[in-house]
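Below is one structure, written out as structure tokens; comments come after it.
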Amino acid sequence: MGFNFQHNTSLKAFNTFGLDVKTAVFCEVDNLQTLKQALSETDQTQMMFLGGGSNVLFCNDYNGLVIHNNIKGKQIIAETDNDIILKAYSGEIWHDLVMYCVDQGWGGIENMSLIPGTLGAAPMQNIGAYGVELEQVFVELEALNLQTFELETFNREQCQFAYRESVFKRQLKGKYFIYSVSIKLSKQPKINVAYGDILTVLNSKGIDPSNATIKDVSDAVIAIRSEKLPDPKVLGNSGSFFKNPTVTVEQFNALQSQYPTIKGFPQANGVKIPAAWLIEQAGWKGKQVGQTGSHAKQALVIVNYGHATGPEIYQHALNVIESVYAQFGVKLEPEVNLIQSVSNS
Ligand code: EPU
């Protein structure tokens, strides 16, 4: 019996930019067996997985198969007086999982509240926000090898996490499907309020940071994100469009002497600069170009004002990259995955 594929399907509801792009073939999977069946009946050279669609820009229609991951479920696989290890399946909505853990009193991921997307995408790009990255709670993941159809386990080291990076975006790109992720959470959580904005919100609510709970931190992060980042249901977007670039210390010093207000965060390999600052200085913040533009409250976010097309947003991103490079000599790299489908015809 053949698999239930849909043809010429709109992806509007499956990408947070809200782009009305089409995929030649579409299917949804909610368990491993169905996924293997779909894979066995398709040409894997023209295929992609889609979770929450919150980190992709479809530059044009997709000329292949889009597999929407709806594999859900979670279970505790180990527990001590101090910690639990929670294993969850990759189609779980990340924010729902964060809320579940906060409700249970399990700490570790509350700073990453309200990040859109699915759990499966989290290790792919080592999601992070407000001073915490996934790798800090990560234990292991199971991924389906797309050649052998066997599940393989990857520990933290094997995932090669870095800032918005993992082996699954690099050497193993397109070779695995992330099936489950296990994270370690604390039953006696210590909160992390090192990121200045969180302290500001706690203070404004009269909450003493030394008594703050993970729920307080989660609420503060939700308040900050809701203020700065547009709700994709209202204004299509994919969060930060670019990564924050790291430049050499020499380059940073040269920039600082020319632009004294520039911020820099020292890293092992140089100085990280807020891309939003560069974009703002280059004059893009709040600037609308046709149906797209750079968001007025957070310049790192590119938005769809309603009827933008993939090529239009892509062109805007290229224009931003070009003008930031012309002014500062710093090359911005997209954080979102650019899907540029090659036509068969
Ligand atoms: N800034 C500007 N102009 C702006 C916005 C920010 O100059 O329009 C400057 C400010 O100086 C600010 C600095 O940039 O101090 C940092 O801004 P913010 O705290 O908003 O963080 P970000 O570096 O712009 C990163 C992540 C976000 C994450 C926040 C909070 C990346 C690419 N983005 O943004 O992640 O929520 O930190 O931790 O690392 C995402 O990945 O989609 C995302 C939203």
Side-chain angles (χ1 to χ4, degrees), residues 15-17 51-57 94-95 98 109-118 121-136 161-166 169 192-201 217-218 220-232 235-247 252 255-256 259-267 271-288 293-303 317 320-321 324 327-328 330-338:
N15 73 103
T16 59
F17 264 120
S54 58
N55 209 40
V56 287
L57 173 63
W94 170 261
H95 178 66
V98 175
I109 54 176
E110 58 281 358
N111 293 46
M112 295 185 280
S113 297
L114 217 59
I115 294 185
T118 53
M124 186 72 84
Q125 55 153 350
N126 187 23
I127 59 169
Y130 305 99
V132 178
E133 288 184 323
L134 181 81
E135 66 175 302
Q136 290 164 244
F161 291 123
Y163 168 61
R164 297 295 195 275
E165 285 292 348
S166 77
K169 274 180 84 174
N192 178 340
V193 292
Y195 206 93
D197 286 357
I198 298 183
L199 274 186
T200 310
V201 173
V217 173
S218 170
V221 168
I222 290 172
I224 299 164
R225 289 189 76 100
S226 313
E227 161 63 23
K228 285 191 188 167
L229 301 169
D231 178 351
L235 206 56
N237 75 89
S238 66
S240 300
F241 194 93
F242 303 100
K243 293 198 270 192
N244 288 325
T246 297
V247 299
F252 182 75
L255 283 168
Q256 200 174 32
Y259 303 97
T261 60
I262 193 170
K263 282 191 184 168
F265 304 93
Q267 311 288 308
V271 182
K272 196 188 264 184
I273 313 176
W277 186 89
L278 299 169
I279 297 166
E280 186 174 344
Q281 297 302 307
W284 291 105
K285 189 171 182 173
K287 193 163 178 177
Q288 182 169 353
S294 298
H295 191 49
K297 290 188 180 161
Q298 174 33 300
L300 205 42
V301 177
I302 296 182
V303 295
V320 169
I321 292 172
V324 165
Q327 187 170 346
F328 299 100
V330 177
K331 189 147 193 299
L332 294 181
E333 277 180 37
E335 191 211 280
V336 302
N337 296 306
L338 303 174

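Just so you know, these numbers come straight off a predicted model, no measurement behind them. Read the numbers this way: they start at 1 and go in the same order the structure lists the ligands and their atoms.
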query = How close does the nearest protein non-hydrogen atom get to atom 24 (O) of ligand 1, and which residue and atom is it?
reply = Gln298 NE2, 2.9 Å

ask   = Under 4.5 Å between any side-chain heavy atoms of Val132 and Ile109, yes or no?
value = no

ask   = Numbering the atoms of ligand 1 from 1, which are under 4.0 Å from a heavy atom of Ala299?
value = 4 (C), 8 (O)

inquiry  = Which of the numbered atoms in ligand 1 are under 4.0 angstrom from any heavy atom belonging to Trp277?
reply    = 2 (C), 7 (O)

request  = Please say whether Asn244 places an N or O atom under 3.5 Å from an N or O atom belonging to ligand 1.
outcome  = yes

Geometric class of the Trp277/Tyr259 ring pair [parallel <30°, tilted 30-60°, perpendicular >60°] = perpendicular

Atom 6 (C) of ligand 1: nearest protein contact (heavy atom, Å) = Ala276 CB, 3.4 Å

request  = Between Glu280 and ligand 1, find which residue part has any heavy-atom pair under 4.0 Å and reply side chain, backbone, both or neither.
outcome  = side chain

request  = Give the atoms of ligand 1, by number and element, whose distance to some non-hydrogen atom of Ala129 is under 4.0 Å.
outcome  = 36 (O), 38 (O)

key: Atom indices of ligand 1 within 4.0 angstrom of Tyr195 heavy atoms, with elements   = 18 (P), 19 (O), 21 (O), 30 (C), 37 (O), 38 (O)

key: Heavy-atom nearest neighbour in the protein, as seen from atom 15 (O) of ligand 1, with distance rounded to 0.1 Å   = Lys263 NZ, 3.0 Å

inquiry  = Regarding ligand 1, does Tyr130 bring an N or O atom to under 3.5 Å of one of the ligand's N or O atoms?
reply    = yes

request  = Please report which non-hydrogen protein atom sits nearest to atom 39 (O) of ligand 1, along with the residue it belongs to and the distance in Å to one decimal place.
outcome  = Tyr163 OH, 2.7 Å

task = Determine the minimum heavy-atom distance between Val301 and Ser240, stating which atoms define it.
result = CG2-N, 4.3 Å

message = Show the atoms of ligand 1 that are less than 4.0 angstrom away from any heavy atom in Lys228.
response = 19 (O), 20 (O)

ask   = Going by heavy atoms in the side chains, are Ile279 and Phe241 under 4.5 Å from each other?
value = no

note = Which of Glu165, Gln125, Glu335 passes side-chain hydrogen bond (donor to acceptor under 3.5 Å, both in side chains) with Lys243? Answer is Glu165

key: Nearest neighbour in protein (non-hydrogen) for atom 40 (C) of ligand 1   = Ser240 OG, 3.1 Å

ask   = Is the backbone N or O of Leu278 less than 3.5 Å from a side-chain atom of Gln281, with the two atoms forming a donor-acceptor pair by type?
value = no

key: Parallel, tilted or perpendicular: rings of Tyr130 and Tyr195 (30°, 60°)   = perpendicular

inquiry  = Show the nearest heavy-atom pair for residues Leu199 and Val193, with the distance to one decimal.
reply    = CG-O, 3.5 Å

ask   = Any side-chain heavy atom of Asn244 sitting closer than 4.5 Å to one from Phe265?
value = no

Heavy atom of the protein closest to atom 35 (O) of ligand 1 (residue, atom name, distance) = Arg164 NH2, 3.0 Å

task = Tell me, please: is His295 in heavy-atom contact with ligand 1, that is, under 4.0 Å?
result = no

Of the listed options Gln125, Lys243, Lys285, closest to atom 8 (O) of ligand 1 (non-hydrogen atoms) = Lys285

query = Under 4.5 Å between any side-chain heavy atoms of Asn55 and Ile127, yes or no?
reply = no

remark   = In terms of heavy-atom contacts, Asp197 and Lys228 come closest through OD2-NZ, 3.0 Å

Test of proximity, Leu300 against ligand 1: N or O pairs below 3.5 Å = no

query = Does Gln281 come within less than 4.0 Å of ligand 1, judged by its heavy atoms?
reply = no

inquiry  = Just to be sure I read this right, does ligand 1 sit under 4.0 Å from the backbone of Phe242, its side chain, both, or neither, counting only heavy atoms?
reply    = backbone

